[in-house]
Asks: 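Handing you this structure, nothing more for now.
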Protein chains: 2
Amino acid sequence: MGNMLLMPELALPPEAQSLADAVVKAVRHGVAAGELVPDVTYSVYQLADLLGISRSPVREGLLRLEEAGLIEIRRNRGFRVLPPQAHDIEEIIGIRLALEPPAARLAATLGTDDQHALIGATLAAMAAAASQDDENSFWPADRSLHDLLLRTSGRPRTATIIERLRTTTALLGPPTTASGRTLAQIHAEHEPIVTAVLARNGAAAEAAMRTHLEATAHLLVTNL
Amino acid sequence: MGNMLLMPELALPPEAQSLADAVVKAVRHGVAAGELVPDVTYSVYQLADLLGISRSPVREGLLRLEEAGLIEIRRNRGFRVLPPQAHDIEEIIGIRLALEPPAARLAATLGTDDQHALIGATLAAMAAAASQDDENSFWPADRSLHDLLLRTSGRPRTATIIERLRTTTALLGPPTTASGRTLAQIHAEHEPIVTAVLARNGAAAEAAMRTHLEATAHLLVTNL
DNA sequence: CCGGCATGAGTAACATGTTACCCATGAGCG
DNA sequence: CGCTCATGGGTAACATGTTACTCATGCCGG
C-alpha cells in the first residue's frame, strides 16, 4: 500500500484564496504534470505532509475534486486519480454544443451595452496575448470570454457548469499550440462570435459559436 | 448575531451514509419546511449543536450546498439560504431541454437490452406508486427514470449535472399533486418516452422527452 | 496445497482545539 | 452632530486528536 516513492515537487499556488482551493490547483497541476498518476492509491495524510498543511483543507479539496470526477475516494483506503477518457471528452463537447450556442444568441439579444463592452475588451485581451504567443494570458482570457458570454445570457448556472467541464478537459494538458491551431487562429475563431454579439445578431452569434466548438471538438478528438 | 430563537426540529436522516450527507439532506428539508429562512445568518456552530454532531461534517455539507447554489457562505460571518428564483427555474428547465431529449434518443438507439429492461421496470414502479398515490415512492422513481435514461445514453456526466439541477428545483417543494397534474398524469407523460426507447425509436424518444419537459416547464413557471 | 480467519497496519470520517479575521458597536475627537 | 477608530464578540478556516472501518498478510487447520 502506498509505495510513495516518487511524487516530487507539489507546491501550493500562492494565489489561491483558501488552502482548500490551493489543494485543488496543486492536485490538478500534479496530474497534468504527471506527478500524480492513476492506479496509485494516495492518502490525505501523505498529501498534507507533502504540502506542509493540515489534513482538513486537503480533505476539502479532494472532496471537490471527487465531485468534479477527477479522483475517486475509497473509504478508508485513499484516493486515486481517474484520468478523463476519450469518451468523457466527447460527452463534454456534446454538452457544450448543446448549451453554449443558444446562450450566445441570448447574450447577443439581451446583453447590456456595458456587458458587450466587457466582452469586446476580453476579445482584445485574447488578441494581445495571441500576438505575443503568451499562453499564460491567452487561456484565461479564452475562458473568461466563454464565461462572460454565458453570464451575459443571464445563465449563471450554465456558466458554472461549463466552467467546471472546462476544468476537466484542461487536465488533458492545455490544448496547446501543439494541438494544431495557433493562438492567432483560435482568436480568429472567436472574433465572429463577438462581432455578431456586439451587432446584436443572435442567429449569427449562435452559428459562430457552434462553428467554433465544432472545430475544437474535432481537434480534441483527433488529438487524443 | 444570529437571533436563533426558532429553528425547530432539524433531524438527521438516518439513511444517509455519511454525516456530511445527512447534513445536506437535513438542510434541504429544513429549507423546504420553512425552518431555515433566507436573510437570516446561521453558523456552523449552531447547526452542529442543533444536530448533535461536530462541526466537520456540517462544514463539509455546507460547502457542498454552497456549490449547489442553495446557500452562500460569508467568510467569518456565517451562511444564509438563497432560495431559488423564478429565473433560476427557467434556466434549469432550459438546460434540461437542451440535454435530456438528445440523450433519450441515444438511450433508445444504443442502450443494451438489459438497460432497457431496467428502464421498463422503473416505469412500472412509477405506475405502481401512482396507482396508490404514494408520492414517497413516486418521485424517487421519476428521478431514477430520468437518471437511467441519461446513463443509458452513455452520458454519466450529464446525468450528474441533471441530478444536481433537479435537487435545486426540488427545494421549491416537490412539484406535488397540487401543481396541477396527478401522479397518474405524470406517469402517462413518461410512458411514450419509455415505449419509444424500448422500440429503439430514437426520434420518437427525443420528441416524447421534449414534450414531457415542456409540460413540466409550463407548470413550474405558472405555478411559481 | 488451499481456504477460512485472526490480526494489524493504514486510512477516511468525525470530533475538538486554535487562530485570524470581519464587522458591529460605541466611545472619543473634531 | 458627524467621523474615526479602538475593541470585542462571533465566526470560518485551519490544525490536531480520536474512532472505527477496510483490507492485505500470514497463520493454522483441512
Side-chain angles (χ1 to χ4, degrees), chain A residues 1-5 7 10-27 36 38-82, chain B residues 1-5 7 10-27 36 38-82:
Chain A
M1 182 68 13
N3 49 13
M4 200 39 28
L5 292 183
M7 191 150 153
L10 272 194
L12 282 178
E15 70 271 18
Q17 72 173 44
S18 82
L19 286 184
D21 215 42
V23 168
V24 170
K25 291 182 180 174
V27 170
L36 293 173
D39 296 324
V40 174
T41 302
Y42 303 99
S43 83
V44 173
Y45 271 81
Q46 294 168 4
L47 206 54
D49 264 12
L50 199 69
L51 297 173
I53 60 179
S54 83
R55 308 188 306 270
S56 299
V58 174
R59 177 173 161 78
E60 281 176 17
L62 290 181
L63 285 174
R64 273 194 245 167
L65 287 169
E66 183 189 35
E67 194 150 312
L70 176 59
I71 66 171
E72 176 197 22
I73 295 182
R74 299 158 69 199
R75 183 179 176 105
N76 299 327
R77 293 291 298 147
F79 69 92
R80 315 183 288 173
V81 175
L82 300 173
Chain B
M1 183 72 6
N3 48 14
M4 198 40 28
L5 292 184
M7 191 153 154
L10 274 193
L12 283 177
E15 70 272 20
Q17 72 172 54
S18 82
L19 285 184
D21 215 43
V23 168
V24 171
K25 290 182 181 175
V27 170
L36 294 172
D39 296 322
V40 174
T41 302
Y42 303 99
S43 84
V44 172
Y45 273 79
Q46 294 168 3
L47 207 52
D49 264 12
L50 200 67
L51 297 173
I53 60 179
S54 82
R55 306 189 308 268
S56 298
V58 173
R59 178 173 161 78
E60 281 176 18
L62 290 180
L63 286 174
R64 274 195 244 167
L65 287 168
E66 183 188 34
E67 194 150 309
L70 176 60
I71 66 172
E72 177 196 23
I73 295 183
R74 298 159 68 197
R75 183 176 176 108
N76 300 327
R77 294 290 299 147
F79 70 90
R80 312 184 290 172
V81 175
L82 300 173

Asks: At a cut-off of 3.5 Å, list every protein nitrogen or oxygen paired with a nitrogen or oxygen from nucleotides 14-16 of chain D, distance to 0.1 Å.
Replies:
unit_1: D:dC14; atom_1: OP1; unit_2: A:Leu19; atom_2: N; d: 2.6
unit_1: D:dA15; atom_1: OP2; unit_2: A:Ser54; atom_2: N; d: 2.8
unit_1: D:dA15; atom_1: OP2; unit_2: A:Ser54; atom_2: OG; d: 2.6
unit_1: D:dA15; atom_1: O5'; unit_2: A:Ser54; atom_2: OG; d: 3.3
unit_1: D:dA15; atom_1: N7; unit_2: A:Ser56; atom_2: OG; d: 2.9
unit_1: D:dT16; atom_1: O4; unit_2: A:Ser56; atom_2: OG; d: 3.3

Asks: Quick one: does B:Lys25's side chain get under 4.5 Å of B:Asp21's, heavy atoms only?
Replies: yes
Asks: Would you mind reporting whether B:Arg80 and B:Asp39 have side-chain heavy atoms less than 4.5 Å apart?
Replies: yes
Asks: Give a yes/no on whether any side-chain N or O of B:Gln46 is located under 4.0 angstrom from OP1 or OP2 of D:dT11.
Replies: yes
Asks: Hey, which sits more toward the 5' end of DNA chain C by its nearest nucleotide, A:Ser43 or B:Asn76?
Replies: A:Ser43
Asks: A:Arg64 versus B:Arg64: any side-chain heavy-atom pair under 4.5 Å?
Replies: no
Asks: Let me check the geometry of the helix from C:dC1-D:dG30 to C:dG30-D:dC1. What is the bend angle between the axes at its two ends, five pairs each, to 10°?
Replies: 0°
Asks: Are B:Tyr42 and B:Leu36 side-chain neighbours, meaning at least one heavy-atom pair lies under 4.5 Å?
Replies: yes
Asks: Between atom OG of A:Ser43 and atom CG of A:Leu50, what is the distance when rounded to the nearest 0.5 Å?
Replies: 10.5 Å
Asks: Determine whether B:Ile73 and B:Ile71 make a side-chain contact, defined as any pair of heavy atoms from C-beta on separated by less than 4.5 Å.
Replies: yes
Asks: Distance to the ring centre below 6.0 angstrom and angle to the axis at most 45 degrees; does that hold for A:Arg74 and A:Phe79?
Replies: no
Asks: Choose from C:dT11, C:dC23, D:dA12 the nucleotide whose nearest atom is closest to any side-chain atom of B:Ile73.
Replies: D:dA12
Asks: If you define the side chain from C-beta out and look only at heavy atoms, does anything of B:Leu63 sit under 4.5 Å from A:Leu63?
Replies: no
